[in-house]
Amino acid sequence: MNQSLFEGRTLVGMISSIIRQDALRVSYNRIEWDRMFRLADFHKVANIVYLGVLGNSESLPDRWRERFFGRYQEALLFGEHCKESMKEVLMWLDMREVSCTILISESVREFYKISEAAANSPIQIFLDEENYYLAKGYLIDLGYEADQLYKGLGERLVKISGVPIVLYYCLPFRTARYKKNMLKLVETAALREPYSHIRMLSSENEFIYRMASASYRYANDELTLREVLDIVLCHKAWREEIAEDTLWKRLEEFGVDVLAEKILRIAYMWFGDKDDNYFNDQPEDLTVYDVLEDRLLTSGEVNNEKDEQALTLRKKIQKEIDKERHAEEKELRQEKRQELFEKFMKKVRWLFPDYHYMTSIYPVVEKLPFLLPVFWIVRDFRLLWRMFGK
């Protein structure tokens, strides 16, 4: 078996056992812990892995036990500060009348039976460009610092003992279809009590946002196990409030309804309760889930994709990436041409100075301006004589 696949499936088994709180069966002697840590860290689940190895810590080298414990400790501290930090940020923005929409709520943390197994997920806030710069300034006043820039989209800000915040002035999706439908979702956001300028999506629309985003990120080989886990926990908590027809119709508008259904189904296969019969029908062809699993667990290293929606979406994303690259290359060429032109004009101005400069050297030019070209030649010959006549 491909080593990445083995580690990915081992990781899924560990997370599943902790979330379901059942027996953990892992071949620790086959795990390369440096690779496992990098994989768990990428998927934002290293804190859960630490909980999984507590009873078998002797099989984990000290160095990697400390690394996993570090992630666990971060999650523990994050849980302690999350609510107060978020309340402080939202109150601060609301008091300053900064209109914004929370894209993904923090409520998913409440769905984890073990609170420290939840992620250190940032608040994602969407604003128009004017409010974006206001919000950024106010957050800096609160002690936040820029951590990561998302070119053309926004940035991430962090603070010690605070919740990370991602500010978007442009939604992080490239294709026109996705942008249009995501904006339609955002427009449904309602005011969040007790605030006057802070909006949030309903549970149904937030779940549609999560599913559409997961499908997009899967097609881009960026989907993490943490996102898949959050999806199943949110669905279990909200499915009584979600109109199934509306859910699949809206996802069809994105062009990912079939792909999203596969992601939700595999989320239940991995992390759902064994006695949960939400998906009580057995798919005829399980190989499609093997393909999805292989691609997701290896971040596209093993990619035998056959889903038409995933292939189409990836093609469209790549087309937009190519357009952006071509635009950047064109801009660089224009900048280079401008730079060369400016250098050329600098030389021209040196060879043919302006009228006022020439009159200061040759006063006769002021009386006889038509002689300016003659004195340009005189000046240039004198300069050449000084350069080469010595």
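All residue numbers refer to positions in the sequence shown, counting from 1.
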**NZ or CZ of Arg379 within 45° of Trp350 ring axis and under 6.0 Å** = yes

Hey, could you give me the [atom1]/[atom2] distance between [X] and [Y], rounded to the nearest 0.5 Å?
{"X": "Arg349", "Y": "Leu351", "atom1": "CZ", "atom2": "CG", "answer": "11.5 Å"}
{"X": "Ser107", "Y": "Met200", "atom1": "OG", "atom2": "CE", "answer": "6.0 Å"}
{"X": "Leu93", "Y": "Leu127", "atom1": "CG", "atom2": "CG", "answer": "7.5 Å"}
{"X": "Phe37", "Y": "Phe42", "atom1": "CZ", "atom2": "CZ", "answer": "14.0 Å"}
{"X": "Gln73", "Y": "Phe68", "atom1": "CD", "atom2": "CZ", "answer": "15.5 Å"}
{"X": "Leu183", "Y": "Thr188", "atom1": "CG", "atom2": "OG1", "answer": "11.0 Å"}

Examine [X] and [Y] and state if one hydrophobic cluster contains both, with Ile, Leu, Val, Met, Phe, Trp and Tyr joined whenever side-chain heavy atoms are less than 4.5 Å apart.
{"X": "Val158", "Y": "Leu167", "result": "no"}
{"X": "Leu223", "Y": "Val258", "result": "no"}
{"X": "Leu201", "Y": "Ile125", "result": "no"}
{"X": "Val186", "Y": "Ile102", "result": "no"}
{"X": "Val256", "Y": "Val291", "result": "no"}

Taking [X] for the side chain and [Y] for the main chain, is one N or O donor matched with an acceptor at less than 3.5 Å?
{"X": "Asp273", "Y": "Asp276", "result": "no"}
{"X": "Thr359", "Y": "Val365", "result": "no"}
{"X": "Asn131", "Y": "Val98", "result": "no"}
{"X": "Ser360", "Y": "Tyr357", "result": "yes"}
{"X": "Tyr178", "Y": "Ala212", "result": "yes"}

Is it true that [X] and [Y] make a salt bridge, defined as a side-chain N closer than 4.0 Å to a carboxylate O?
{"X": "Asp41", "Y": "Arg67", "value": "no"}
{"X": "Lys323", "Y": "Glu320", "value": "yes"}
{"X": "Asp322", "Y": "Lys319", "value": "no"}
{"X": "Arg71", "Y": "Glu74", "value": "yes"}
{"X": "Arg250", "Y": "Glu253", "value": "yes"}

**Prompt:** Among all residues two or more places apart in sequence or in another chain, which pass the side-chain contact (heavy atoms from CB on, under 4.5 Å) test with Asp245?
**Reply:** none

Heavy-atom check, side chain of [X] versus side chain of [Y], under 4.5 Å:
{"X": "Glu187", "Y": "Thr101", "result": "no"}
{"X": "Glu130", "Y": "Tyr169", "result": "no"}
{"X": "Trp270", "Y": "Ile19", "result": "no"}
{"X": "Leu142", "Y": "Trp92", "result": "yes"}

**Request:** Just do the side chain to side chain donor-acceptor pair (under 3.5 Å) check on Asn181 and Tyr209 with the steps written out, would you?
**Result:** CA-CA 10 Å; Asn181 285 293; Tyr209 182 92; over 6 Å; no

**Asked** What do the steps show when you test Arg239 against Lys236 for side chain to side chain contact (heavy atoms under 4.5 Å, CB included), and what is the final call?
**Response** CA-CA 6 Å; Arg239 66 192 187 197; Lys236 284 167 62 180; 4.2 Å; yes

**Request:** Decide yes or no on side chain to side chain donor-acceptor pair (under 3.5 Å) for Trp248 and Glu252, but give the supporting numbers first.
**Result:** CA-CA 6 Å; Trp248 302 117; Glu252 186 180 4; over 6 Å; no

**Message:** If the test is side chain to side chain contact (heavy atoms under 4.5 Å, CB included), which one of Val12, Val232, Leu292 qualifies with Ile266?
**Reply:**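 When Val12, Val232, Leu292 are each tested with Ile266, the side chain to side chain contact (heavy atoms under 4.5 Å, CB included) holds only for Leu292.
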
Quick one: which residue pairs count as a salt bridge (charged side-chain N to carboxylate O under 4.0 Å, His left out) with a foot in [range], not counting sequence neighbours?
{"range": "residues 167-176", "value": "Arg174-Glu324"}
{"range": "residues 195-218", "value": "Glu206-Arg210, Arg217-Glu222, Arg217-Glu227"}
{"range": "residues 290-305", "value": "Arg9-Glu293, Arg9-Asp294, Asp221-Arg295, Arg295-Glu305"}
{"range": "residues 152-172", "value": "Glu88-Lys159, Lys136-Glu155, Asp147-Arg156"}

**Request:** Please step through side chain to side chain contact (heavy atoms under 4.5 Å, CB included) for the pair Val348 and Phe344, ending with a clear verdict.
**Result:** CA-CA 6 Å; Val348 169; Phe344 171 74; 3.6 Å; yes

**Request:** Give me the ring orientation class for Tyr278 and Tyr268: parallel if the planes are under 30° apart, tilted from 30 to 60°, perpendicular past 60°.
**Result:** parallel

**By side-chain hydrogen bond (donor to acceptor under 3.5 Å, both in side chains) - contacts of Arg35 (at least two apart)** =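 For Arg35 the side-chain hydrogen bond (donor to acceptor under 3.5 Å, both in side chains) partners, ignoring immediate neighbours, are Ser4, Glu7.
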
**Asked** Under 6.0 Å between the ring centres of Tyr168 and Phe126?
**Response**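 No, they do not, as the ring centres are separated by 6.0 Å or more.
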
**Message:** Working note: Arg265 + Glu261, criterion salt bridge (Lys or Arg N to Asp or Glu O under 4.0 Å); need CA distance, chi angles, decisive distance, verdict.
**Reply:** CA-CA 6 Å; Arg265 187 181 285 269; Glu261 191 272 340; 3.2 Å; yes

**Side-chain H-bond candidate by donor/acceptor type, Glu342 with Gln338, under 3.5 Å** =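 Yes - a donor-acceptor pair under 3.5 Å links their side chains.
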
